[in-house]
Amino acid sequence: MLVVVCVKQVPDTTQVQIDPVTNTLIREGVPFIVNPYDTHAVEQALRFKDRYGCRVVAISMGPPNAEATLRKALAQGADRAVLLSDRVFGGADTLATSKVLAAAIERLAKEDEVGVVICGKQTIDGDTAQVGPGIATRLDFAQLTLVDRVDELDLSARRIKVSRKLEGRHEHVEAPLPVLLTVVRELNRPRYPTVAMRLESADAQVEVWDNSVLGLDVNTIGLKGSPTWVSRIFSPERAKGEMLGDGAHDPEGAAQILIDKMIEKDLLAL
């Protein structure tokens, strides 16, 4: 059985700048990292491999330099890496992205059964959390989002039990295979690749699939197939703060002023 894990190369958000004219990301000189949530997805896929002997395939959609992201997954222990790269995939929103990823997973499924697909809960550049559920919907897989613990994967019964991290509570749910999981940081601690595995992954093959492999209608993918367009990107202006008292020389007085202000604005329950 295959476990497919989706990984994305994202800009390091601490150093992102926006072009004021085009309202797009300035990519030149910006370091790229593996989407942090996806590192936990890779780790869970490898734990399935360690325990059940599943084969792990890492896939990513992006420009040719996204190959580096997949090599990191190979260094951690993934068995195979596939980069979906074609200019016709460019400019895709979450809808068009999920279509390409789902088509790639369907192609993998022709070679071996895909039992589990794992994605990070969202990417740090888009923050939509839509691609994972979009893939599941297209594949007609059960989908379990916000997974923070895998309780059981029963291959004979073809079922999985997980815990979902919801706001202020947890939910324990069960679903049949095949299933798509989106995972949160609390799920696990990603492993570090050994030096030997890093060296081995440097020589490993990363397969590159363009649209001639997937055979998708070019009017339904990339920018042409994206109903969502970004019209503007900006940082919201923040109201100038107010200095309260003299905290350096009178911290108790400053604290009292702060408390009075919070009471005045009805922010404290007395």
Looking at [Y], is its backbone amide N or carbonyl O close enough to the side chain of [X] to form a donor-acceptor pair, meaning the two atoms are under 3.5 Å apart?
X	Y	answer
Thr182	Gly120	no
Arg71	Gln205	no
Asn211	Leu214	no
Asp38	Ala41	no
Thr228	Asp93	no
His40	Asn188	yes
Ser98	Val131	no
Arg159	Asp154	no
Ser201	Ala204	no
Asp148	Val184	no

Side chain to side chain contact (heavy atoms under 4.5 Å, CB included) partner of Ile221, the single match among Val88, Leu95, Thr97: Val88
So, applying side chain to side chain contact (heavy atoms under 4.5 Å, CB included) with Val57, which one of Val3, Val114, Val82 is it? Val82
Once side-chain hydrogen bond (donor to acceptor under 3.5 Å, both in side chains) is applied, do any residues pair with Arg80, and if so which ones, sequence neighbours excluded? Glu111, Glu207
Counting only heavy atoms not in [X], do more than 12 fall under 6.0 Å of its [atom1]?
X	atom1	value
Arg107	CZ	yes
Glu152	CD	yes
His249	NE2	no
Glu106	CD	yes

Does the side chain of [Y] come within less than 4.5 Å of [X]'s, by heavy atoms?
X	Y	answer
Asn35	Ile124	yes
Phe32	Val10	no
Phe89	Leu84	yes
Lys161	Val173	no
Lys72	Pro193	no
Arg138	Lys99	yes
Ile160	Glu174	no
Val7	Ile59	no

Sorted by chain and number, sequence neighbours left out, salt bridge (charged side-chain N to carboxylate O under 4.0 Å, His left out) with Lys165 holds for Glu186
Please name all residues satisfying salt bridge (charged side-chain N to carboxylate O under 4.0 Å, His left out) with Asp86, sequence neighbours left out, ordered by chain then number. none
Considering all heavy atoms of both residues, which atom of [X] and which atom of [Y] are nearest to each other, and what is their separation?
X	Y	value
Ser60	Gln9	OG-N, 4.5 Å
Asp250	Gly253	OD1-N, 3.0 Å
Val117	Cys6	CG1-SG, 4.2 Å
Leu70	Ala58	CD2-O, 3.6 Å
Ala96	Ala92	CB-CB, 3.7 Å

Apply the test salt bridge (charged side-chain N to carboxylate O under 4.0 Å, His left out) to residues Lys49 and Asp79: give CA-CA distance (whole Å), side-chain angles for both, the deciding distance (0.1 Å), then the verdict. CA-CA 10 Å; Lys49 175 183 176 180; Asp79 299 291; 2.9 Å; yes
Intermediate values then yes/no, side-chain contact (heavy atoms from CB on, under 4.5 Å), Leu180 and Ile118: CA-CA 6 Å; Leu180 181 141; Ile118 313 177; over 6 Å; no
May I ask you to decide whether Arg191 forms a salt bridge with Asp50, counting only side-chain N to carboxylate O separations under 4.0 Å? yes
